[in-house]
Trainee: 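Quick one: this structure, given as structure tokens, is what I'll be asking you about.
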Amino acid sequence: MLKKGSKLYSILTGTCPKCQEESMYQDKNPLHLSKLLKMNEKCSHCGLHYQIEPSFFYGAMYVSYAMNVALGVAAFIISYVIFNSNLKTAFAVILISTILLYPFVLRWARNIYINIFVSFNPNKDKA
């Protein structure tokens, strides 16, 4: 399921969507918040420029919004419906889960967005 060559592999690992040989980010750890969005300019393996056009990753905000809505709904269902908590507790669970998962959602949104536009190509030709 998580094999090289799949979109899911590139999304979850943050590797180049074209060759999947190296990380798009200067620091692979999303918990280093000061370096969270610092990306390499291009892939040193296949030459893909990650910033496809100016302000390319602004579109990832829409993906991030959808992911945060899904996270909020899931947190609400788990806390309110499954654990029978009150509304204040459910709201607190939504806030806490959104804050704790912020760095991961932000990176995954960028990874999903670039994978929409770039397909895997195992050839080692320069872009």
Side-chain angles (χ1 to χ4, degrees):
M1 180 169 135
L2 192 61
K3 295 179 183 177
K4 194 180 236 185
S6 70
K7 295 270 186 196
L8 189 59
Y9 177 83
S10 178
I11 290 168
L12 294 179
T13 60
T15 56
C16 173
K18 188 173 181 182
C19 68
Q20 297 181 358
E21 291 294 327
E22 69 176 25
S23 177
M24 294 188 295
Y25 301 96
Q26 292 177 2
D27 186 357
K28 291 181 182 181
N29 188 350
L31 297 177
H32 295 152
L33 298 179
S34 64
K35 300 175 184 176
L36 181 63
L37 295 178
K38 294 190 180 187
M39 298 181 72
N40 297 319
E41 184 178 325
K42 65 179 185 173
C43 177
S44 64
H45 186 262
C46 69
L48 174 70
H49 286 273
Y50 299 128
Q51 191 79 12
I52 295 173
E53 59 187 31
S55 304
F56 174 72
F57 285 108
Y58 281 123
M61 290 187 303
Y62 296 104
V63 177
S64 176
Y65 176 76
M67 291 175 70
N68 279 310
V69 167
L71 175 64
V73 169
F76 176 79
I77 290 172
I78 290 169
S79 66
Y80 188 74
V81 176
I82 295 176
F83 290 113
N84 296 322
S85 65
N86 59 28
L87 284 176
K88 287 183 182 179
T89 305
F91 182 69
V93 169
I94 292 170
L95 283 177
I96 291 168
S97 63
T98 302
I99 291 169
L100 291 177
L101 293 175
Y102 167 76
F104 299 101
V105 169
L106 196 60
R107 281 234 178 139
W108 290 335
R110 279 186 167 214
N111 297 347
I112 290 169
Y113 192 69
I114 196 168
N115 271 280
I116 291 171
F117 297 101
V118 179
S119 297
F120 178 70
N121 182 1
N123 295 335
K124 297 184 182 190
D125 299 335
K126 294 281 183 184

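Starting from 1, each residue takes its place in the sequence as its number.
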Trainee: Sequence neighbours excluded, which residues qualify as side-chain contact (heavy atoms from CB on, under 4.5 Å) partners of Thr15?
Mentor: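 In terms of side-chain contact (heavy atoms from CB on, under 4.5 Å), with neighbours along the sequence ignored, Thr15 is linked to Tyr9, Ser10, Thr13, Gln20.
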Trainee: Please list, one pair per line, the donor and acceptor atoms closer than 3.5 Å that link side chains of residues 81-90 to other protein atoms, with sequence neighbours excluded.
Mentor:
| unit_1 | atom_1 | unit_2 | atom_2 | d |
| --- | --- | --- | --- | --- |
| Ser85 | OG | Ser79 | O | 2.8 |
| Asn86 | OD1 | Lys88 | N | 3.3 |
| Asn86 | OD1 | Thr89 | N | 2.8 |
| Asn86 | OD1 | Thr89 | OG1 | 2.7 |

Trainee: Would you be so kind as to tabulate the donor-acceptor pairs closer than 3.5 Å made by side chains of residues 53-60, with sequence neighbours excluded?
Mentor:
none

Trainee: Group every Ile, Leu, Val, Met, Phe, Trp and Tyr by side-chain heavy-atom contacts under 4.5 Å, then state whether Ile11 and Met67 land in the same group.
Mentor: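 Ile11 and Met67: one cluster.
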Trainee: Between Ile52 and Tyr113, is there shared hydrophobic-cluster membership here, with clusters defined by ILVMFWY side-chain heavy atoms closer than 4.5 Å?
Mentor: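 Yes; tracing contacts between hydrophobic side chains, which count when under 4.5 Å, links both residues.
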Trainee: With a 3.5 Å distance limit and no angle check, can you tell me whether Arg110 reaches the backbone of Gly14 through a side-chain donor-acceptor pair?
Mentor: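 Not confirmed, Arg110 side chain does not pair with Gly14 backbone.
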Trainee: Please name the residue in the list Asn115, Val118, Ile116 that meets the side-chain contact (heavy atoms from CB on, under 4.5 Å) test with Lys7.
Mentor: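 Option passing the side-chain contact (heavy atoms from CB on, under 4.5 Å) with Lys7: Asn115.
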Trainee: Please tell me whether Leu12 and Leu106 are part of a single hydrophobic cluster in this structure, the criterion being side-chain heavy atoms less than 4.5 Å apart.
Mentor: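 No; Leu106 is not reachable from Leu12 via cluster members.
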Trainee: Please lay out, stage by stage, how Ser44 and Glu22 fare under the test side chain to side chain contact (heavy atoms under 4.5 Å, CB included).
Mentor: CA-CA 8 Å; Ser44 64; Glu22 69 176 25; 2.5 Å; yes
Trainee: So, using side-chain hydrogen bond (donor to acceptor under 3.5 Å, both in side chains) as the criterion, who are the partners of Lys4 when residues are at least two apart?
Mentor: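 Residues passing side-chain hydrogen bond (donor to acceptor under 3.5 Å, both in side chains) with Lys4: Glu21.
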Trainee: Please determine whether the number of non-hydrogen atoms from other residues, nucleotides or ligands lying under 6.0 Å from atom CZ of Phe104 exceeds 12.
Mentor: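 More than 12 heavy atoms, drawn from other residues, nucleotides or ligands, come within 6.0 Å of this atom.
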Trainee: Got more than 12 heavy atoms from elsewhere within 6.0 Å of NZ, Lys42?
Mentor: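 Open.
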Trainee: Shared ILVMFWY cluster between Phe117 and Val63, side chains joined below 4.5 angstrom?
Mentor: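 Phe117 and Val63: one cluster.
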Trainee: Can you measure from NZ (Lys18) to CE (Met24) and round to the nearest 0.5 angstrom?
Mentor: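 That separation rounds to 14.5 Å.
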Trainee: Could you walk me through whether Glu41 and His49 satisfy the side chain to side chain contact (heavy atoms under 4.5 Å, CB included) test, starting with their C-alpha distance in whole Å, then the side-chain angles of each, then the deciding distance to 0.1 Å, before giving a yes or no?
Mentor: CA-CA 6 Å; Glu41 184 178 325; His49 286 273; 4.1 Å; yes
Trainee: With a 4.5 Å cut-off on side-chain heavy-atom distances among I, L, V, M, F, W and Y, is there a chain of contacts connecting Ile114 to Leu8?
Mentor: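 Result: yes, single cluster for both.
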Trainee: What pairs of donor and acceptor atoms, side-chain ones from residues 29-40 against any protein atom, are under 3.5 angstrom apart with sequence neighbours left out?
Mentor:
| unit_1 | atom_1 | unit_2 | atom_2 | d |
| --- | --- | --- | --- | --- |
| Asn29 | OD1 | Leu31 | N | 2.9 |
| His32 | ND1 | Asp27 | OD2 | 2.4 |
| Asn40 | ND2 | Ser23 | O | 3.2 |

Trainee: For a quick test of your reading: what N or O donor-acceptor pairs under 3.5 Å do the side chains of residues 92-102 make, sequence neighbours left out?
Mentor:
| unit_1 | atom_1 | unit_2 | atom_2 | d |
| --- | --- | --- | --- | --- |
| Ser97 | OG | Val93 | O | 2.9 |
| Ser97 | OG | Ile94 | O | 3.0 |
| Thr98 | OG1 | Ile94 | O | 2.8 |

Trainee: Do you know the tightest heavy-atom contact between Cys43 and Tyr50?
Mentor: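 Smallest interatomic distance, heavy atoms only, reads CB-OH, 3.2 Å.
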Trainee: Taking atom CZ of Phe76 as the centre, does the number of heavy atoms from other residues, nucleotides or ligands within less than 6.0 Å exceed 12?
Mentor: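 More than 12 within 6.0 Å, yes.
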